[in-house]
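Labels below follow one simple rule: chain letters A, B, ... track the order of the sequence lines, proteins then strands, and each chain is numbered from 1.
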Amino acid sequence: MMENKTKTACETCTHFNADGLKKLGVKTEDFDFILALAGNPNTGKSTVFNALTGLRQHTGNWPGKTVTRAEGAYVYNNQKYKLVDLPGTYSLLSTSEDEEVARDFILFGKPTVTIIVVDASRLERNLNLVLQILEITGKAVLCLNLMDEADRNNIKIDTRILAKDLGIPVVPTSARFQKGIPELIQTISELANGKIQCKPHRIKNIPKNIEKSVNELSETIEKEFPNISNSRWIAFRLLEGDTQIIEALKSGKFVSNEY
Amino acid sequence: MNYNPITALVLFFGISLLLFFVFRPKKGVFFFFKNLYRQKDKTIIEDILKFLYHNQESNNSITTNALTNALHFSNTLIIESLNKMIDRDLIFLEKDSYKLTPKGSEYALQIIRAHRLWEKYLSEKTGLKKTEWHERAEQKEHELNTSEINKLSSLLGNPIYDPHGDPIPTSKGKIALKKGIPLSSLKENTMGRIIHIEDEPKIIYKQILAENIHLYSTIKVIENNTTRIVFHAEGEQFILAPIVAGNITVSVLHKEEIHEENIARLSSLQLHKKAIIVGLSKECRGENRRRLLDLGFVKGAKIEIDLLNPLGDPKAYLIKGTAIALRKDQAAKILIKKCDDGK
Amino acid sequence: MNTKNIENIIALAEDLRWQIGDDFHDNLAESIYTDAAKIVEDSVTKDNQKSKFRLDAKIDKIVTSRIWGFPIMLLILSVVLWLTIVGANYPSSMLSALLLDTVHPFLKNLGTNIGFPWWLNGFLFDGVYLAVAWVIAVMLPPMAIFFPLFTLLEDFGYLPRVAFNMDSLFKKSGAHGKQALTMSMGFGCNAAGVVATRIIDSPRERLIAIITNNFSLCNGRWPTQILLATLFIGAVVPQSLSSFASLTAVIGIAVLGIFFMFFFSWGLSKTLLKGEISTFNLELPPYRPPVFWKTIYTSLIDRTLIVLWRAIVFAAPAGAVIWLISNISIGNESIAAWSIHALDGFGFLLGLNGVILVAYIVAIPANEIVIPTILMLTVMVTGIHAGAGDGVLFELNSVTATADILKAGGWTLLTAVNVMLFSLLHNPCSTTIYTIYKETNSLKWTLVATILPIITGFIVTFLIAQIWRILV
């Protein structure tokens, strides 16, 4: 597995400890960390899931294959990680069922780390979801998957700049060929243990009058919930009139939500 | 077994016919009885209020006759209701003509609010066709109470306009003003923006819908005479009869406001030509609109045709590195600016 | 937490919403994409000349071309179906030789030797075991061939192109192009077809696809069609044409199913489902060479075994019921005989008979066991010598012997034609019904999907029977 390693911009990945990895399949009880796996449809998200857990969930070349959540686990350096594969979505802004499942898990399921799988050859489209997730949670790693296809299409990505712009670690992978998975595991472990600090990107370029409203609202929210890190995102949702978020506010779901 | 297959067939068709007459949509016996049980007098009172409200600007005198002709209720019922309404201080008589009292006009506005909010709801949250919105709202407006209406309004984000471009009164009875003129009186070579498409009468509305004329599109009148009105909008040419054009309201645009030259619909894009998306038409609503935005059909995005279809529709468009197929009616609601050749 | 403060937050939000108008979502989406474009500009360099992979474009040109698009689709579908039907024969007969002819007698002997009373022996091995074994033997091989083939096409990326090509046909009946695929999947197994409707992301079109999937003639019904067409329709034409006539009849039934699928899709989208939200977008993903063995493995686990497991779960109690109603008597008649006589009149009206209706009721778990049940029940009520006793399913290798039993049961050409139609137009099997419930989470739509085809079946067979009797 180590021979297949791709070149990576992640400096910490050289410390990958192959002997410390054990794939556990569906045995997900008594975990130390919980990981969410998010991403656009058809980015090889399920392949990453399978590569991490040793499971063999079916991965079709179809947008939107996983509708229900799949779960799996692995052990790395004596710490147990439970991995939840979320439905592939283009966004978290609409109200379709799969988007709700994905969003609710990232928001309320309190994943220690969110792994965002993107298609390297279609980065711009995928960043739509990435930027939304970064408004919700800062502890995330970008899994730049399908690097082989990007290469085939003569697309070159400077992962250092990308990581700097997004404020989270970026790991290039080709999950189908098991490339980059060790680095991913190592990065996740460092994130989970607080060895990497993230400074997630915030959505800019919002028209002034809207930005003003968002700020006013998110400040009010922060006053009520001082521990919350994603008040801005909640403000987005309230301005959109998301009835579920309103209900969640009323029922106090956000109180226990500390990052 | 002893039976006659012909008898069996006759019986079968007899029963089918019976069921058809009982459950026939709108005209069937079932619906007749269902309608009978609805709150008749409330409906009549509210319909009279609406009628008076819509006609109060026209200065026509609204006599009892005018009302009995306009509304589809029995004359005795209408006269009874009118008396009740005078008792309840909703209307008063002025020289044979009925007028709204302030209380009546407030009531009327709430009915209109319910109607327009419900149309907005149907347009955003259901897949019903445009032609069905009005009729359903006509019924629903009598069924909603104030707190339900307010809930509906906040669910929809307190919208200001209904899907036809009509302003929705607020719960306090405020209503946004609309200044516009009928398209039929827009002069040749002037420009305007469509701000309202009237959904009644249905026959004319259906004609407008069949033409695929979009709300809030900028138009330029090319020809205007007694037989026809020709105008350009979103890169397409439309020809309407004056009576049809009269049901479209436009606001006149002055030269300074105009910066929407060269706009076309994505459906008119040709193979191997490139374009930039200018925005989504207001006619693209609800879930469809959110999906398209999520997929990257946003202002400034480059777009071109990726694949044609053996049957003509849908076409696959290349946007932000991915081929996404859209049907023609969807592509018509995406506005583009075609790039010049060579760029 | 203070409820009043939260109310204030919500009130403030509503106030601000009113101020910024209804373009918020548009603005936010645009902002995010503007940010995304900036980031990409910083970090990505690409050679625009070759940005679209050329082989992909070439394949796309061919599979969506006016001339080749449809022939390629038909060819692939026929090859898949042919491989399934022909390829399943051999393993199927091996499995049935093993499970039905070897293990079944062995188990019965074992039961007798241990000292089971006859009824326990019969109930367990003739009832439960036999039904389960039958379903496995008939169902497993075709599904184990069909699904992996389908999955390979799926993983390669061809199927979205089929949906793309077919969309305008489906749009006319208010459906989604992807329904072409769930429909094709239904030719393998309706339950799997229903699960596959997940790829349709528009609520209305997905419901349409779920409700009409049963009109795809599934694997379990192909053998019934082929058998009856050979026995009855092949027999009325000259010998030289008989196989051609029976083949045409079977294909005709499948095509009729497609017709009904379109018809009801159209009807549903105009009536019951017109209020459901309807959207359309279809992503055409790049082609990817499938990882062959992994695909085979996962599709076996994911699709074949899950569906098979569900079928077995339902088949076991059905086997028990079939055995029990044939062996428990009320007065001097078994329950089966009694219900057959009770339904004979209604059955006759439809050009069928009581045996067929009872068989369709008790064999609801799997269409595969309808013919064996019909044979067993026919033998039971007519009292001719065949099979292995009341409640014991059987099938004969000899075609003429099967025809003889059915004719002794009063079958005519009309009966055969109507059974073929009824086999297409009746309620989905219980596995599919259960799957529909799981997928829609709604009793209402499950009920619609169940009742719609059977009412259609009643009407169609009734009309055919009357017209037949008037004309013939």
Looking at every non-hydrogen atom in both residues, tell me the closest pair between [X] and [Y] and how far apart they are.
X: B:A325; Y: C:F280; answer: O-CE2, 3.5 Å
X: C:R17; Y: B:L156; answer: NH2-C, 3.6 Å
X: C:K171; Y: B:D329; answer: NZ-OD1, 3.9 Å
X: C:N165; Y: B:L311; answer: O-CD1, 3.4 Å
X: C:A29; Y: B:L293; answer: CB-CB, 3.9 Å
X: C:F164; Y: B:P314; answer: CE1-O, 3.4 Å

query: Is the backbone N or O of B:G127 less than 3.5 Å from a side-chain atom of C:R204, with the two atoms forming a donor-acceptor pair by type?
result: yes

task: Look at B:K299 together with C:D26 and state whether they make a salt bridge at an N to O cut-off of under 4.0 Å.
output: no

Between [atom1] of [X] and [atom2] of [Y], what distance do you get to the nearest 0.5 Å?
X: B:F12; Y: C:L349; atom1: CZ; atom2: CG; value: 10.5 Å
X: B:R289; Y: C:H25; atom1: CZ; atom2: NE2; value: 9.0 Å
X: B:K315; Y: C:D167; atom1: NZ; atom2: CG; value: 13.5 Å
X: C:I467; Y: B:L9; atom1: CD1; atom2: CG; value: 6.0 Å
X: C:N281; Y: B:F297; atom1: CG; atom2: CZ; value: 8.0 Å
X: C:T64; Y: B:L307; atom1: OG1; atom2: CG; value: 4.5 Å

Tell me, for [X] versus chain C, whether the close heavy atoms (under 4.5 Å) come from the side chain, the backbone, both or neither.
X: B:K125; value: backbone
X: B:S154; value: both
X: B:S153; value: neither
X: B:R290; value: both

Contact origin within [X] toward chain B - heavy atom pairs under 4.5 Å:
X: C:E14; value: both
X: C:F24; value: neither
X: C:S65; value: backbone

Top contributor to chain B interface from C:S278, C:G69, C:G275 [non-hydrogen pairs under 4.5 Å]: C:G275

Determine whether more than 12 heavy atoms belonging to other residues, nucleotides or ligands lie under 6.0 Å from atom [atom1] of [X].
X: B:K202; atom1: NZ; value: yes
X: B:E148; atom1: CD; value: yes
X: B:K282; atom1: NZ; value: yes

message: At a heavy-atom distance under 4.5 Å, which candidate from B:R291, B:Q330, B:R327 has the highest pair count against chain C?
response: B:R327

message: I'd like to know which of B:N309, B:V298, B:L280, B:I324 tops the heavy-atom pair count under 4.5 Å against chain C.
response: B:N309

message: Enumerate the side chain to side chain donor-acceptor pair (under 3.5 Å) contacts for residues 458-472 of chain C, please, sequence neighbours excluded, ordered by first and then second residue.
response: B:Y3-C:Q466, B:Y3-C:R469

